[in-house]
Q: 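Pasting in a structure now, in structure tokens, and then I'll have a few things to ask.
Computed from a predicted structure; not experimentally measured. Per chain, numbering begins at 1; letters A, B, ... match sequence-line order.
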Amino acid sequence: MNVAAKKKLKVATTSLAGCFGCHMSFLDIDERLFELVEHVELDRSPLTDIKEVGACDIGIIEGGLCNAENVHVLQTFRRQCKVLIALGACAVNGGLPAQRNHLPLTDILSEVYLSSPGLGNGLIPNDPELPLPLNQVHPIHEVVKVDVFIPGCPPSGDAIWSVLTDLLAGREPRLGHGLIHYD
Amino acid sequence: MSDTFILDGREIPFAPGQTILQAAMAAGVYIPRLCYHPEFKPHGSCKLCTVKVNGRHTASCTYKAAPGLEVESNTEELNAERRTLVQMLFVEGNHFCPSCEKSGDCQLQATAYELGMMSPHFDHFFPDRPVDASHPDLLLDFNRCILCSLCVRASRDVDKKNVFALAGRGIGSHLIVNAASGRLADTNVALEDKAVQVCPVGVILRKRRGFAVPIGQRTYDKAPISGQARTTWQEEG
Ligand code: SF4
Ligand code: SF4
Ligand code: FES
């Protein structure tokens with residue numbers, strides 16, 4: 001029986017402290033999406049609107065960690081996914097959000113909510129529903145083990161496709177010149 | 001007939017006094033390097049150019065070529081060590097390539113591509129290093145300094161100005177500007193200075209120039225740093 005071999009791989013994706021640019025770039029694989037859906041089935045993802053990640057073969061994380069909820073989602077992905085991919089500059093090294101890291105969080109909050117011009121009786125939001133911001137933004141490998149990294153802001157559709165096809169074929173992903181980019 | 005040594009199984013000729021790195025460059029063989037520049041005395045500090053000479057690690061930019069040496073360079077082991085060095089440089093500073101004017105023209109980035117660095121691996125230091133935008137035509141972004149000392153050597157040895165210096169020790173080492181105020185605007189630095197041209201990364205930047213060439217069409221977007229070995233080095237040398 002080769003039922004197992006024919007079973008589609010389950011893939012989940014999420015955006016943490018990212019801008020969804022990496023997800024847009026993922027869609028940039030264009031008509032290769034048709035080939036991809038032959039082999040994979042999406043679990044939790046902004047593309048499916050499934051809210052909780054189930055057991056998956058591949059988890060794709062866009063964005064770094066800027067608040068407590070990001071950490072929680074990341075840890076759940078790590079528990080549920082056999083292979084975890086850091087997709088894009090922010091997941092790989094914190095990216096643009098991490099450029100706040102040299103500033104004290106209280107200074108940032110008061111600048112944004114209390115002292116910036118045009119704010120009428122500003123308040124720092126404190127609804128218990130809101131995830132607490134972390135003191136610093138961290139790339140995801142500083143919190144969980146990451147199996148595959150795809151750098152780039154965003155990585156090109158071709159780079160993403162190259163890594164996915166390598167993984168689907170059971171090869172170690174490798175990005176050569178032109179596909180490996182940090183910008 | 002000139003003398004030769006063996007580099008990764010290939011015979012490399014050298015002239016008396018040449019280092020292993022210089023002879024390799026002349027022969028068009030790429031050895032990763034960051035603090036070496038043909039116009040200046042080797043500094044031997046970044047260790048990217050480390051090779052094994054007769055089985056021992058040494059910096060090829062300071063080691064003199066000699067007849068019959070057996071040198072290994074492009075090996076899995078040495079490249080893994082070089083990759084680790086580059087990863088440490090990335091996490092020690094703040095390298096956000098997407099917002100760096102030097103991206104695509106940067107030797108640190110190009111060397112990391114060459115070595116297949118997919119992630120910074122280590123935990124980031126996220127140091128606090130304010131920029132110096134005091135000068136009307138130049139910006140200093142210390143976040144990206146890798147302490148190669150090329151600007152220091154250029155300013156001291158070519159421009160005869162000593163605008164830059166390295167201060168502190170160990171992890172506290174940092175680049176300083178030689179003025180009572182510590183600001184670049186209060187030095188006699190000039191746009192024509194060699195010191196302003198040599199930074200391999202995005203620290204010393206001409207203002208209002210950053211994106212004259214769009215990202216994606218820059219030096220190392222076109223060809224990897226190893227593939228540029230011959231032309232670039234011949235121009236430099
Ligand atoms: S100096 Fe080089 S490695 Fe650092 S941020 Fe700029 S392009 Fe990236
Ligand atoms: S500013 Fe540039 S040239 Fe000067 S030491 Fe730092 S990295 Fe080297
Ligand atoms: S190039 Fe030799 S130590 Fe830096």
Q: Relative to chain A, which of B:Cys100, B:Ala112, B:Gly104 shows the most heavy atom pairs under 4.5 Å?
A: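 Heavy-atom pair counts peak at B:Ala112.
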Q: What residue in A:Ala89, A:Ala98, A:Gly178 has the most heavy-atom pairs under 4.5 Å with chain B?
A: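 Max contact count across the listed options: A:Ala98.
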Q: Rounded to the nearest 0.5 Å, what separation is found between the NZ atom of B:Lys102 and the CG atom of A:Asp183?
A: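 Answer rounded to 0.5 Å: 14.0 Å.
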Q: Among A:His138, A:His141, A:Gln136, which residue meets the side-chain contact (heavy atoms from CB on, under 4.5 Å) test with B:His124?
A: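 Running side-chain contact (heavy atoms from CB on, under 4.5 Å) over A:His138, A:His141, A:Gln136 with B:His124 returns exactly one hit, A:His141.
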Q: How about B:Phe211: does its CZ atom have over 12 heavy atoms from other parts shown lying under 6.0 Å from it?
A: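 Yes - once you tally the heavy atoms of other residues, nucleotides and ligands closer than 6.0 Å, there are more than 12.
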Q: Please assess B:Asp221 against A:His181 for the test side-chain contact (heavy atoms from CB on, under 4.5 Å), listing each intermediate value before the final yes or no.
A: CA-CA 9 Å; B:Asp221 295 322; A:His181 266 288; 3.0 Å; yes
Q: For B:Arg208, look at atom CZ and say whether over 12 heavy atoms of other residues, nucleotides or ligands are found less than 6.0 Å away.
A: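 Enclosed.
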Q: Count the heavy atoms belonging to other residues, nucleotides or ligands that lie under 6.0 Å from CD of B:Glu11, then report whether that count exceeds 12.
A: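 Count not over threshold, so no.
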Q: Would you say NZ of B:Lys207 has more than 12 non-hydrogen atoms from neighbouring residues, nucleotides or ligands within 6.0 angstrom?
A: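 Yes, the 6.0 Å shell around NZ holds more than 12 heavy atoms from other groups.
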Q: Once rounded to the nearest 0.5 Å, what's the spacing between atom CZ of B:Phe126 and atom CG of A:Asn93?
A: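 Taking CZ in B:Phe126 and CG in A:Asn93, the distance rounds to 7.0 Å.
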Q: Under 4.5 Å from any heavy atom of chain B, what part of A:Pro173 do you find: side chain, backbone, both or neither?
A: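 Nothing of A:Pro173, per the 4.5 Å heavy-atom cut-off to chain B.
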Q: Where on B:Phe122 is there a heavy atom nearer than 4.5 Å to chain A: the side chain, the backbone, both, or neither?
A: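 The answer is the backbone of B:Phe122.
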Q: With chain A, which of B:Lys222, B:Gln109, B:Met117 has the greatest number of heavy-atom pairs at distances under 4.5 Å?
A: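 Among B:Lys222, B:Gln109, B:Met117, the one with the most close pairs to chain A is B:Met117.
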Q: With rounding to the nearest 0.5 Å, note down the distance linking CG in A:Asn101 to CG in B:Asp128.
A: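 Reported value, rounded in 0.5 Å steps: 10.5 Å.
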Q: Using a 4.5 Å cut-off on heavy atoms from C-beta on, say whether the side chain of A:Leu96 contacts that of B:Pro98.
A: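 No, too far: nothing below the 4.5 Å cut-off.
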Q: What part of A:Val137 is in contact with chain B, defined as an atom under 4.5 angstrom from a non-hydrogen atom: side chain, backbone, both or neither?
A: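 Only the backbone of A:Val137 comes within 4.5 Å of chain B.
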Q: For A:Tyr182, is there any backbone N or O sitting under 3.5 Å from a side-chain donor or acceptor partner on B:Tyr113?
A: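 Yes: the side chain of B:Tyr113 pairs with the backbone of A:Tyr182.
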Q: Do other residues, nucleotides or ligands put more than 12 heavy atoms under 6.0 Å from B:His174 NE2?
A: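 Yes, enclosed.
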Q: Could you tell me whether a side-chain N or O of A:His177 sits under 3.5 Å from a main-chain N or O of B:Tyr220, the two making a donor and an acceptor?
A: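 Yes, the answer is positive, given that a donor and an acceptor are paired below the 3.5 Å cut-off.
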Q: With a cut-off of 6.0 Å (strictly less than), are more than 12 heavy atoms of other residues, nucleotides or ligands near CD of A:Glu111?
A: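 At most 12 heavy atoms, drawn from other residues, nucleotides or ligands, come within 6.0 Å of this atom.
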Q: Do B:Ser99 and A:Gln99 come close enough that some side-chain heavy atom pair is under 4.5 Å?
A: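 Side chain of B:Ser99 against side chain of A:Gln99, heavy atoms only: contact under 4.5 Å found.
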Q: Distance check, rounded to the nearest 0.5 Å: A:Ile150 atom CD1 versus B:Ser119 atom OG?
A: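 Answer for the CD1-OG pair, A:Ile150 versus B:Ser119, is 12.5 Å.
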